[in-house]
Engineer: 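First the structure, which I've put down as structure tokens, then a few questions once you've had a look.
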Amino acid sequence: MKVTIKQIAKIAGVSQATVSKIINNYDDVGEATKRRVLDIMDQHGYRPSYSAKTLASNHSNLIGVVYAGKVNADFNHPFFVDVMNSFKKSIGFFGYDLMFFSNEKFNYESEDYLARCRHYQVEGCIIIGGEEIQESIYDLDKSEIPCIGVDIKLTGNRSGYIMTDNSQISAKVVEHFYLQGYRDIAYIGGKVDSEVGTIRYESFKKVVGQYGLQLNEDWIIFGDYFKKSGYEAMKQLLSRKPIPEAVFAASDLMALGAIQAIKEQGLRVPDDIVVIGCDDIEAAGYVEPPLTTIRQDKEKIGKLAAHMLVDFINEKIHSTSVMVEPDLIIRGTCGKVNNAIMTKMIE
């Protein structure tokens with residue numbers, strides 16, 4: 001029969017509080033007493049439960065992971081997978097474990113993230129931004145629980161956020177198209193009701209205007225960051241006349257879908273249409289032709305999120321944010337200057 005902490009205390013002739021202190025390595029218990037209690041625990045095969053350790057130490061060593069939004073970026077999206085892998089590795093060095101909170105059957109009236117975080121005594125949360133953010137996310141942000149956001153702006157006293165400078169993403173793409181001689185540019189965006197999607201789209205329009213280019217509303221279509229939506233969006237673009245010379249897809253997965261649709265129409269990338277994606281997922285370098293894309297430093301974002309969250313937990317920083325600079329990675333789908341167009345421009 002499994003023994004309890006109460007029984008261990010009785011056998012050892014000490015209080016339950018003393019056993020709890022020994023379990024949690026307090027230094028105010030005598031060495032002889034500690035040795036005797038540990039020997040008794042070993043003889044009876046006693047292993048302290050997680051809840052017992054938490055109650056005794058008032059520390060759960062748990063970090064909550066929240067994917068925010070009723071329609072959010074799934075666990076299988078390469079960008080967030082890479083960010084979370086980096087975060088998990090870094091936060092593990094600080095001695096924390098992760099607890100994932102599901103929102104698949106979220107009850108908006110009777111339950112919220114803050115209540116669940118308090119119930120499990122999480123010491124902090126990482127919140128991954130999505131679309132249609134629930135109001136309870138911002139209750140969590142404003143609470144006493146330290147939070148770090150990725151692709152979502154948090155403004156609580158013990159919160160902060162990290163994101164790629166999304167306005168620079170669109171700026172770098174349009175600038176590259178412009179310098180390669182492309183003027184007729186289409187845009188396949190993510191959902192406009194997400195903060196990241198809105199920033200990228202508004203920046204795209206702004207920079208197109210700055211270069212004096214024509215913004216063709218027929219060449220602006222929105223998907224959901226996944227391959228199928230990029231494929232469907234590109235089919236729509238190819239059905240409209242004229243067709244664009246260049247396409248910026250706001251995720252690599254949508255870019256890969258767009259390339260598939262272009263090839264199915266008997267057109268060639270980059271000879272007939274050039275394409276640039278965003279994220280620099282692993283597959284981007286292995287498709288044919290290799291995908292020109294904007295690299296978000298996923299490892300840095302995850303690592304920064306872990307270090308900043310620990311600093312929030314330890315009250316070393318308060319309410320701050322970091323923007324990570326994106327990089328243009330030039331590959332085969334848009335690398336060379338369009339000589340035909342440049343020659344025509346010179347003439």
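None of the values given here were measured: they were computed from a predicted structure.
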Engineer: Side chain to side chain donor-acceptor pair (under 3.5 Å): which pairs involve residues 212-225, sequence neighbours left out?
Structural biologist: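 Non-adjacent pairs meeting side chain to side chain donor-acceptor pair (under 3.5 Å): Asp224-Ser229.
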Engineer: Do the two ring centres, one from Tyr211 and one from Phe177, sit under 6.0 Å apart?
Structural biologist: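 No, they do not, as the ring centres are separated by 6.0 Å or more.
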Engineer: What heavy-atom pair brings Asp112 and Ser136 nearest, and what distance separates the two atoms?
Structural biologist: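 Reported closest heavy-atom pair: CB-CB, 3.5 Å.
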Engineer: Please test Leu328 against Thr292 for side chain to side chain contact (heavy atoms under 4.5 Å, CB included), starting from the C-alpha separation and ending with a verdict.
Structural biologist: CA-CA 8 Å; Leu328 176 66; Thr292 296; 4.2 Å; yes
Engineer: Just one of Val274, Thr293, Ile262, Ile259 clears the side chain to side chain contact (heavy atoms under 4.5 Å, CB included) bar with Thr333, so which one?
Structural biologist: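 Output: one option passes, namely Ile259.
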Engineer: Apply side chain to side chain contact (heavy atoms under 4.5 Å, CB included) to Val174 and Gln210, showing your working.
Structural biologist: CA-CA 10 Å; Val174 175; Gln210 287 176 339; over 6 Å; no
Engineer: Under the criterion side chain to side chain contact (heavy atoms under 4.5 Å, CB included), which of Val310, Val122, Leu62 is the partner of Tyr96?
Structural biologist: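 By the side chain to side chain contact (heavy atoms under 4.5 Å, CB included) criterion, Tyr96 pairs with just one of Val310, Val122, Leu62: Val310.
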Engineer: Evaluate the side-chain proximity of Cys147 to Cys125: yes if any heavy-atom separation is below 4.5 Å, no if none is.
Structural biologist: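 Touching, per the 4.5 Å side-chain cut-off.
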Engineer: Please give me the minimum heavy-atom distance between Ile317 and Met308, naming the atom from each residue.
Structural biologist: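 Answer, listing the atom of Ile317 first, then Met308: CD1-O, 3.7 Å.
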Engineer: Can you see which heavy atom on Glu195 is nearest to which on Ile152, and at what distance?
Structural biologist: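 Smallest interatomic distance, heavy atoms only, reads OE1-CA, 4.0 Å.
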Engineer: Rounded to the nearest 0.5 Å, what separation is found between the CD1 atom of Ile91 and the OG atom of Ser86?
Structural biologist: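 The distance works out to 10.5 Å.
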Engineer: For the hydrophobic clusters of this structure (ILVMFWY residues joined by side-chain heavy atoms under 4.5 Å, transitively), does one cluster hold both Leu256 and Tyr231?
Structural biologist: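 No, separate clusters.
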Engineer: Is the NZ atom of Lys205 crowded by more than 12 outside heavy atoms at less than 6.0 Å?
Structural biologist: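 Yes - once you tally the heavy atoms of other residues, nucleotides and ligands closer than 6.0 Å, there are more than 12.
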Engineer: Given Ile243, which partner from the list Leu237, Asp184, Leu267, Asp272 fulfils the side chain to side chain contact (heavy atoms under 4.5 Å, CB included) test?
Structural biologist: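 That would be Leu267.
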Engineer: Pair Lys227, Ser251 - check side chain to side chain donor-acceptor pair (under 3.5 Å), show working.
Structural biologist: CA-CA 9 Å; Lys227 185 176 179 180; Ser251 79; over 6 Å; no
Engineer: With heavy-atom distances below 4.5 Å as the criterion, would you say the side chains of Val150 and Phe87 are in contact?
Structural biologist: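 A side-chain contact under 4.5 Å is absent here.
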Engineer: So do Phe100 and Leu98 actually touch side chain to side chain, heavy atoms under 4.5 Å?
Structural biologist: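 They are in side-chain contact.
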Engineer: Cluster question for you: counting only ILVMFWY and a side-chain heavy-atom cut-off of under 4.5 Å, with indirect links fine, are Tyr182 and Phe204 together?
Structural biologist: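 Same hydrophobic cluster.
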Engineer: Looking at Glu282, I'd like to know if its CD atom is crowded, meaning that more than 12 non-hydrogen atoms belonging to other residues, nucleotides or ligands lie closer than 6.0 Å.
Structural biologist: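 Incorrect, the count does not exceed 12.
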Engineer: With Ser159, which residues qualify under side-chain hydrogen bond (donor to acceptor under 3.5 Å, both in side chains), at least two apart?
Structural biologist: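 Partners of Ser159 by the side-chain hydrogen bond (donor to acceptor under 3.5 Å, both in side chains) criterion, ordered by chain and then number, come out as Asp141.
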Engineer: Do the non-hydrogen side-chain atoms of Ile313 and Ile63 ever get within less than 4.5 Å of each other?
Structural biologist: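 Touching, per the 4.5 Å side-chain cut-off.
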Engineer: If you measure from CD on Gln180 to CD1 on Ile330, what distance do you get to the nearest 0.5 Å?
Structural biologist: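 Output value for this atom pair is 6.5 Å.
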Engineer: Between Glu175 and Lys172, does any NZ, NE, NH1 or NH2 come within less than 4.0 Å of an OD or OE carboxylate oxygen?
Structural biologist: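 Judged by the 4.0 Å cut-off on N to carboxylate O distance, Lys172 and Glu175 do not form a salt bridge.
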Engineer: Walk me through whether Asn166 and Thr164 qualify under side chain to side chain donor-acceptor pair (under 3.5 Å).
Structural biologist: CA-CA 5 Å; Asn166 286 282; Thr164 301; 5.7 Å; no
Engineer: Can you check whether Lys89 reaches Asn85 side chain to side chain, under 4.5 Å on heavy atoms?
Structural biologist: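 Side-chain contact under 4.5 Å: no.
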Engineer: Check whether the ring centres of Phe94 and His307 lie less than 6.0 Å apart, and answer yes or no.
Structural biologist: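 Under 6.0 Å, so yes.
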Engineer: What verdict does the side chain to side chain contact (heavy atoms under 4.5 Å, CB included) test give for Cys117 and Phe101, after you've listed the backbone C-alpha separation in whole Å, the side-chain angles of each residue and the deciding distance to 0.1 Å?
Structural biologist: CA-CA 9 Å; Cys117 286; Phe101 288 95; 3.9 Å; yes
Engineer: Please determine whether side chain to side chain donor-acceptor pair (under 3.5 Å) holds for the pair Gln260 and Glu264, giving the CA-CA distance in whole Å, both sets of side-chain angles, and the decisive distance to 0.1 Å.
Structural biologist: CA-CA 6 Å; Gln260 180 182 343; Glu264 287 182 2; 3.3 Å; yes
Engineer: How are the rings of Phe222 and Tyr201 set to each other: parallel, tilted or perpendicular (split at 30° and 60°)?
Structural biologist: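 Ring orientation, 0 to 90° scale: perpendicular.
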Engineer: Which is it for Gln296 and Asp82 under the side chain to side chain contact (heavy atoms under 4.5 Å, CB included) test, yes or no, and what are the steps along the way?
Structural biologist: CA-CA 10 Å; Gln296 300 193 72; Asp82 289 345; over 6 Å; no
Engineer: Check the hydrophobic clustering (I, L, V, M, F, W, Y; side-chain heavy atoms under 4.5 Å; chains of links allowed) and say if Ile199 and Val196 are grouped together.
Structural biologist: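 No; tracing contacts between hydrophobic side chains, which count when under 4.5 Å, never links both residues.
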Engineer: Is the number of heavy atoms from other residues, nucleotides or ligands under 6.0 Å of Asn157 CG greater than 12?
Structural biologist: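 Not more than 12 within 6.0 Å, no.
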Engineer: Taking atom CE of Met323 and atom CE of Met163, what is their separation to the nearest 0.5 Å?
Structural biologist: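 Going from CE on Met323 over to CE on Met163, the span is 5.5 Å.
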Engineer: Measuring from atom CD1 of Ile276 to atom NE2 of His176, what distance do you get when rounded to the nearest 0.5 angstrom?
Structural biologist: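 The distance works out to 5.0 Å.
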Engineer: Just by distance, do the side chain of Arg200 and the backbone of Ile169 share a donor-acceptor pair under 3.5 Å?
Structural biologist: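 Side chain of Arg200 to backbone of Ile169: no pair is present.
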Engineer: Please determine whether residues Ile133 and Leu114 belong to a single hydrophobic cluster, defined as Ile, Leu, Val, Met, Phe, Trp and Tyr linked transitively by side-chain heavy-atom distances below 4.5 Å.
Structural biologist: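 Yes, same cluster.
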Engineer: As an exercise, state the distance from OG1 of Thr155 to OH of Tyr161, rounded to the nearest 0.5 Å.
Structural biologist: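 Thr155 atom OG1 to Tyr161 atom OH measures 9.0 Å (nearest 0.5 Å).
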Engineer: Looking only at non-hydrogen atoms, find the nearest pair between Ile145 and Gly124 and report the distance.
Structural biologist: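 Heavy-atom minimum between the residues: CG2-CA, 4.0 Å.
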Engineer: Could you grab the distance from atom CZ of Phe248 to atom CE of Met254, nearest 0.5 Å is fine?
Structural biologist: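 Here the rounded value is 8.5 Å.
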Engineer: State, yes or no, whether a side-chain contact exists between Val275 and Met234 at a heavy-atom distance under 4.5 Å.
Structural biologist: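 Result no, sub-4.5 Å side-chain heavy-atom pair not found.
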Engineer: Examine Val14 and Leu38 and state if one hydrophobic cluster contains both, with Ile, Leu, Val, Met, Phe, Trp and Tyr joined whenever side-chain heavy atoms are less than 4.5 Å apart.
Structural biologist: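 Hydrophobic grouping puts Val14 with Leu38.
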Engineer: Which atom names give the shortest non-hydrogen contact between Pro326 and Gln168, and what distance separates them?
Structural biologist: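 Looking at all heavy atoms of both residues, the shortest contact is CG-CB, 3.8 Å.
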Engineer: How about Ile273 and Leu238: do any of their side-chain heavy atoms sit closer than 4.5 Å?
Structural biologist: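 Yes, their side chains come closer than 4.5 Å.
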Engineer: Might you point out which heavy atoms bring Leu154 and Ile148 nearest each other, and give the distance in Å?
Structural biologist: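 So the minimum-distance heavy-atom pair works out to CD1-C, 3.8 Å.
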Engineer: Which residue pairs satisfy the salt bridge (Lys or Arg N to Asp or Glu O under 4.0 Å) criterion with at least one member in residues 298-316, sequence neighbours excluded?
Structural biologist: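 Qualifying pairs: Arg158-Glu315.
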